[in-house]
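The next block holds one structure in the form of structure tokens; read it before the comments.
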Amino acid sequence: MNPSFAAIDQGTSSTRLLLASAGAAPQLPLALRNASQHPRPGWVEQAPLELLSKVEACLQAAGRVQAIGIANQGESCLAWDARSGEPLSPVIVWQDDRTAQQLAALRAEGVQALTLERAGLPLDCYFSASKLGWLLRNDAGVARAHRAGRLRLGTTDAFFLDRLTGQFVTDASTASRTSLMNLASGAWDPTLCALFGVPMECLPAIRPTVGDFGLYRGIPVTASIVDQQAALYGHGCRAAGDAKITFGTGAFALALTGAQIPRAPTSGLLPTVAWQIGAERSYALDGGVYDAGSAVEWAGRIGLYTDLSEITAFGAAPAIARGLAFVPALSGLACPHWDRSAAALWVGMNAATTRQDLCQALLEGIALRTAQVVRVMDGHIGAAVRLRIDGGLARNPYFCQFLADATGRSVATRRFDELTALGCAALAARGVGQTLETPDDDDDVASLFEPRTAPADALAWQLRFAEAVSKTMGWKRELSAVA
């Protein structure tokens with residue numbers, strides 16, 4: 001029997017189990033939805049024990065495997081008790097913007113140059129550092145645990161591993177998303193920890209992505225990684241310049257850059273650790289759109305459609321060509337704008353606008369925001385002939401075709417598109433000296449969407465959309481000033 005490997009893809013919207021073995025098709029036997037709470041405007045939280053129970057349910061469903069890998073949300077974080085293991089806070093999700101005012105004040109003081117130099121990251125509530133500092137300042141239970149020497153702070157992977165294997169650790173890719181790790185040394189940075197008010201002794205040890213993360217019921221956990229980096233590995237990206245875009249809760253483009261830290265300080269792209277295997281650390285450039293699948297789900301919740309099948313094709317010309325645009329800034333704008341004060345909006349509605357029109361504009365807005373990221377990335381890694389994509393929106397033919405038209409590139413989807421979990425499983429296999437191949441880019445193409453729109457028309461769309469984006473920027477900041 002071929003050795004089998006389990007990967008847990010613990011994402012924002014779902015927790016999924018993948019089982020894979022050499023020479024056999026991977027299987028996804030279990031997928032569980034995750035709940036999120038919004039206790040105040042801009043706050044996004046999840047229940048730590050709910051997420052942990054779903055990870056455990058997936059591990060139990062996996063049965064006896066040779067090794068386990070866990071992919072995590074990246075920047076989502078929490079506090080817990082070192083002795084009891086009980087959570088002391090909710091999981092503050094990466095979309096949460098409760099620290100926006102604090103970070104705006106730090107930017108005004110000129111501090112961002114420090115975080116860009118040391119962590120490679122701007123001052124944005126996307127990253128864990130300001131959230132962890134906020135917990136210490138605002139949660140009496142967290143502060144009390146710190147005084148008692150019982151506090152643990154970290155991203156969700158560190159909490160899961162602590163509870164499941166007894167190892168209080170994280171990996172280099174996840175640590176690089178906190179804004180507390182020095183990107184060059186791969187260690188927690190005392191200056192950054194002091195800046196955000198995060199006690200370094202409360203943070204987990206940083207380990208390579210592939211290695212010893214302890215045992216779960218006698219089975220070694222041999223890989224831990226951020227979900228987006230796992231998808232990069234799952235796409236088979238191994239050489240500098242290889243790139244992918246994953247459309248999950250958000251949309252994230254990653255391009256592998258190799259052993260050197262990529263610096264693109266004026267572009268809005270972020271240097272990050274792709275993975276670390278042994279002493280060899282690989283870096284990537286990251287460009288994100290905060291709201292992709294989350295915007296589609298929101299549209300369903302407010303009644304713009306009842307079933308996803310309703311928004312896979314439209315009879316009308318593109319909404320943007322008809323003057324209707326949607327900017328998916330429900331959580332603000334990430335790359336290249338980095339404006340948390342931006343707000344989502346439709347512009348160009350009239351009395352004839354229908355729910356279908358709004359849905360069409362919403363899908364186009366996600367694609368056009370992605371196209372903005374792609375254009376910025378082109379300037380640093382060169383223009384890709386083909387965009388490799390995965391995630392929920394990769395199953396929507398209208399979205400894929402519009403993305404091809406908006407970017408002027410071929411867009412390729414995969415037959416097997418659970419690439420986050422597959423990449424994580426392949427890394428787990430590597431941790432026990434086994435090889436689990438990821439699908440070849442050419443052999444595993446499910447659909448190839450070629451651009452059908454004249455370049456001049458696509459450019460007109462981009463310019464019109466850029467005008468809409470400019471209207472959203474600073475909206476919340478100006479509103480709070482008026483209030």
Side-chain angles (χ1 to χ4, degrees), residues 11-14 33-52 73-80 86-108 122-146 151 153-156 159 177-179 196-198 248-250 288-303 327-334 337-345 472-483:
T12 313
S13 302
S14 66
R33 296 292 295 174
N34 303 328
S36 293
Q37 294 78 44
H38 300 80
R40 298 186 190 180
W43 290 29
V44 188
E45 298 177 349
Q46 292 182 321
L49 294 180
E50 178 192 341
L51 298 185
L52 178 64
Q73 297 180 27
E75 302 78 10
S76 301
C77 58
L78 70 157
W80 66 101
E86 287 302 303
L88 297 171
S89 76
V91 171
I92 304 181
V93 179
W94 56 272
Q95 295 164 304
D96 188 286
D97 70 357
R98 70 186 66 190
T99 60
Q101 288 188 349
Q102 174 208 353
L103 296 179
L106 289 175
R107 277 194 298 275
L123 285 168
D124 192 274
C125 2
Y126 179 20
F127 310 109
S128 317
S130 64
K131 302 184 183 83
L132 294 173
W134 185 94
L135 285 171
L136 273 163
R137 294 191 305 274
N138 292 277
D139 190 303
V142 173
R144 192 161 48 246
H146 181 224
L151 179 62
L153 296 169
T155 40
T156 54
F159 175 66
R177 308 302 295 173
T178 62
S179 209
F196 291 105
V198 178
T249 302
V289 176
Y290 285 140
D291 294 289
S294 59
V296 176
E297 290 186 2
W298 167 76
R301 287 200 306 273
I302 64 172
V327 181
L330 295 164
S331 305
L333 293 170
H337 311 286
W338 293 107
D339 184 2
R340 280 284 187 160
S341 70
L345 92 163
T472 75
M473 297 180 70
W475 175 262
K476 295 176 188 175
R477 182 169 57 248
E478 292 169 10
L479 190 63
S480 62
V482 170

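No hydrogens, no waters, no symmetry mates; every other heavy atom, side chains included, goes into these values. Just so we're clear, the structure is a prediction, and the values are computed from it rather than from any experiment.
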What's the shortest heavy-atom distance between [X] and [Y], and which atoms?
X: G250; Y: A292; value: C-CB, 3.6 Å
X: A79; Y: S89; value: N-OG, 3.0 Å
X: S76; Y: V93; value: OG-CA, 3.4 Å
X: W80; Y: L153; value: CZ3-C, 4.0 Å
X: A47; Y: Q37; value: N-OE1, 4.0 Å

Next on the checklist: Among residues at least two apart in sequence or on other chains, which ones pass salt bridge (charged side-chain N to carboxylate O under 4.0 Å, His left out) with D96?
Outcome noted: R98
Checklist outcome for this item: The salt bridge (charged side-chain N to carboxylate O under 4.0 Å, His left out) partners of R40 (sequence neighbours excluded) come to none
Side-chain ([X]) to main-chain ([Y]) donor-acceptor, under 3.5 angstrom:
X: S36; Y: Q46; answer: no
X: E50; Y: A35; answer: yes
X: Q73; Y: T156; answer: no
X: R177; Y: S128; answer: no
X: T99; Y: C125; answer: no
X: D291; Y: S294; answer: no

Item to check | Pairing residues for W134 by the ring pair (Phe, Tyr, Trp, His ring centres under 6.0 Å) criterion, not counting sequence neighbours | outcome: W43
Looking at residues at least two apart in the chain, or sitting in another chain, which of them share a side-chain contact (heavy atoms from CB on, under 4.5 Å) with [X]?
X: P48; value: L78, P87, V91, F159
X: A342; value: A329, L333, D339, T472
X: R144; value: A140, R147

Looking at [atom1] of [X] and [atom2] of [Y], how far apart are the two atoms once the value is rounded to the nearest 0.5 Å?
X: S179; Y: L123; atom1: OG; atom2: CG; value: 6.5 Å
X: T249; Y: N34; atom1: OG1; atom2: CG; value: 9.0 Å
X: C77; Y: L132; atom1: SG; atom2: CG; value: 4.0 Å

Would you mind reporting whether [Y] and [X] have side-chain heavy atoms less than 4.5 Å apart?
X: W94; Y: T12; result: yes
X: E75; Y: T178; result: no
X: S331; Y: R340; result: yes
X: Y290; Y: L330; result: no
X: L151; Y: V142; result: yes

Item to check | Parallel, tilted or perpendicular: rings of Y126 and W338 (30°, 60°) | outcome: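 Parallel, since the angle between the ring planes stays under 30°.
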Checklist entry - Using 4.0 Å as the upper bound for N to carboxylate O, is an ion pair formed by R33 and E297? => result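 Salt bridge between E297 and R33, a charged N being under 4.0 Å from a carboxylate O: yes.
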Item to check | Pair Q102-R137, side-chain donor/acceptor within less than 3.5 Å | outcome: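 Yes, because at least one side-chain N or O of Q102 sits under 3.5 Å from a partner of the opposite role on R137.
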Checklist entry - Run the side chain to side chain contact (heavy atoms under 4.5 Å, CB included) check on L103 and F196 step by step: do they pass? => result CA-CA 10 Å; L103 296 179; F196 291 105; 4.0 Å; yes
